[in-house]
Structures are given as structure tokens and as C-alpha cells.
Number of protein chains: 2
Amino acid sequence: MNRFLSHATNRIDAKGRVSVPSAFRAVLSDGGVRELYCFQDFVFPAISVGGPELLDRFEKQMAAEDPFSDAANQMSLLVHGGGVFVKLDPEGRLMVTDFIRDFTGISTDVTFVGRGDHFQLWEPQAFARAQAEAREGRKQRGLRPE
Amino acid sequence: MNRFLSHATNRIDAKGRVSVPSAFRAVLSDGGVRELYCFQDFVFPAISVGGPELLDRFEKQMAAEDPFSDAANQMSLLVHGGGVFVKLDPEGRLMVTDFIRDFTGISTDVTFVGRGDHFQLWEPQAFARAQAEAREGRKQRGLRPE
DNA sequence: GCTTCTCCCATTGACGCCCATATGGTCCCA
DNA sequence: TGGGACCATATGGGCGTCAATGGGAGAAGC
């Protein structure tokens, strides 16, 4: 199963490190990814993380839109200008920098959320709220699986 | 019989495991399913469980709409972030994680409910209530055999 | 110099795989 | 038809492995 699924919450240690869930690390090493690209999500207060190929995907999406639209401009600003590279330590941990903390509100714990072709870093409470809202919205629209 | 039918209640052991009813396991192995996809149901306080094709269906549905829309993002939050792959141990048991407990209210016993192409995990009392309500609602709408 | 970031090792707790037991049902045969 | 052997399922527990976490020491930068 070669995609990012499920969610898990891990604690940040005294040095500001947090373990990436082993299921996610397995997906990364499957794809031969050694360096991760992180940027601020467009719709949620979360940091999106993936391999370099994640850029390709967003660039394709931008190309599909009007290149001078507000949406395309914002995307480029966030993806190209606002992204940072991070790499994991030998135990599979990453440093939670201020770049991550400020945008997400993360302080002591990080919720890792699988999003298929990438994953995200959330403040635990914020994720719980967003998920509840998503479920509520879905109920109101009457959409059902299948 | 390659559909999930009927219901059964099993006990969770001291390690947090519960046996999947053998009738359900038979349906799974018939379909060659080794990994199960579980997600929090959109309507009931239950966990829905099925093969990976369940997730494929969701992903097709998402791919059909604008992948950067709020609706698609919310759906991904639920089916990717709120979904888990689990596998059974050699005896056909699964771990009842907090992911399952928190959403369903399950504590000591699990009711497995067949739903045709998938099955669900319920807190026994909650299932009894939901079933009673379904019966009642049907009566009020005028009982019809389909 | 001191701080900050790596890498390395230790601990602990959870999870996986294995084997053992009980309970209830079915089939066979006298 | 009744008894008993056999079987399958559900359940309980031991034990090894691995992931998550904590802390120390060396290297690099300010």
C-alpha cells in the first residue's frame, strides 16, 4: 500500500524533534525519498509534506489554471517561495521549526495526517475540529460512500 | 455466499483484540483480501470495514471533482486521514485502537454488522438502538417490503 | 567561548507471531 | 437414538521484535 493513510499523534521532545510514524517512513523509503519538501497548506492550518515529486503535482495543477489568477499566484507563492526542505535523522525524526509552529499552532504534540500522495502536520485539536466539520458538511450534503 | 450478512458480538480481550466472525473472514479470503480498510462512517457512530477497493471508490469520486476544492479536501481528510489499513493476526483478530473506541463508544464488546459489500463495528447498545430506530422510522413511513 | 545541530546508544512499552485452552457444534457409529 | 470422537471458533497468554522517546557526546557554526 503505497500511500499515506491514517493519522497518529506523537510528542515533541525537549530538543524539538518528533518521530514520523513508521508507516509514513515506509511509504517514503519505498519511493526512495530522502529529502522532504514542506509548505503551508492552502485550505487548512497544516503543513503539507512530501517528496520532491509533490512539487510536480502542484505545478501541473497551476499550469491547468489561468496563470495570472489569484489562486495560481497564491499557490506559487506558497509552494515555491514558502516551502522548506527538511531531512529526517537516523531514527526517522524531524525538527519542528518555528516555520511549522507558527502556521499550525503546534506546541507539544504533532498529529500526522495521511493525505494519499502526501501527509500533513497538524495541531491535534485543530485536526479533530477540522475532521468533525468535514463530517458534518458531508452529512448535510447527504453524500454517502458508494 | 460472498456478502457480509447478519451480525455477531464478540468480546475484546485484555490486549485489546477481538475476533472477526469467521463468516466475515470467509468472505474476505474469498475475495483475496489481506488488508482491511477501515474508516469512521459518515452517518452512524460505527467503523466501516472493507477491502482496499472501498478506498479506490472514494478516490475515484475525489478525482472526479476539482482536487483543490474545499469539498475534495474535506473528503480526503476523512477517507485518507480518517481511514486506516489494518490487518488481522494469524487467528483472525484485529486490534481495537483508540481510533475505533473514541468514535464508536466501544469498550468491552464489539458488534460486527454485515452490510453487504462491507461490514461495520458497533458498540452493542448503540447498534440495538439504531436498529430499533430504523424499524420505527420504517413503520412511520408506511411499512413496505422494500 | 557558547549554542545548535547531528549522530549514537539506552529504555520502555506496544504490537506481532506463536502456542495453549475452552466451548459448542457436528458427524459417525454402535 | 444416544454417546463419543472430532473439529472449528473464540479466547487467553508468553515472548521476541520494533517503534517511539529520552539523553549523551562529538561536530559545526556564531
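Proteins come first, then strands; the chains are lettered A, B, ... in the order of their sequence lines, and each starts at number 1. All values derive from a computational prediction rather than experimental measurement.
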Of all the choices, D/dG12, D/dG24, D/dT21, which nucleotide is nearest to the side chain of B/Arg17 once you look at every atom?
-> D/dG12
What nucleotide, of D/dA20, C/dC7, D/dG22, holds the atom closest to the side chain of A/Pro90?
-> C/dC7
Does OP1 or OP2 of C/dA22 have a side-chain N or O of B/Arg11 closer than 4.0 Å?
-> no
Minimum-distance nucleotide to A/Lys15 side chain [options: C/dC7, D/dA20, C/dC17] | C/dC7
Taking only the side-chain heavy atoms of A/Arg93 (C-beta and beyond), determine which of D/dG23, D/dA19, D/dT11 contains the nearest atom.
-> D/dG23
Can you tell which of D/dG24, D/dA19, C/dC5 lies closest to the side chain of A/Ser22?
-> D/dA19
Does the pair A/Arg3/B/Glu59 count as a salt bridge with the N-to-O cut at 4.0 Å?
-> yes
Side chain of A/Arg101, backbone of A/Ser107: donor and acceptor closer than 3.5 Å?
-> yes
Of the nucleotides D/dA10, D/dG12, C/dC8, which one has an atom closest to the side chain of A/Glu91?
-> C/dC8
Describe the nucleic acid contact of A/Val20 in one word from base, sugar-phosphate, nothing, applying a heavy-atom distance below 4.0 Å.
-> sugar-phosphate
Taking atom P of D/dT9 as reference, at what distance in whole Å does atom CG of B/Asp13 sit?
-> 18 Å
Check every atom of D/dG22, D/dA19, D/dA10 against the side chain of B/Asn10 and return the nucleotide holding the closest atom.
-> D/dA10
Less than 6.0 Å separating the ring centroids of B/Phe58 and B/His80?
-> no
Give the rounded distance in Å between these two atoms: CG of B/Leu94 and P of C/dC15.
-> 13 Å
Decide, yes or no, whether a salt bridge links B/Lys15 with B/Asp89 under the criterion of side-chain N to carboxylate O below 4.0 Å.
-> no
Rounded to the nearest angstrom, tell me the gap between atom CG in A/Leu88 and atom P in C/dC5.
-> 16 Å
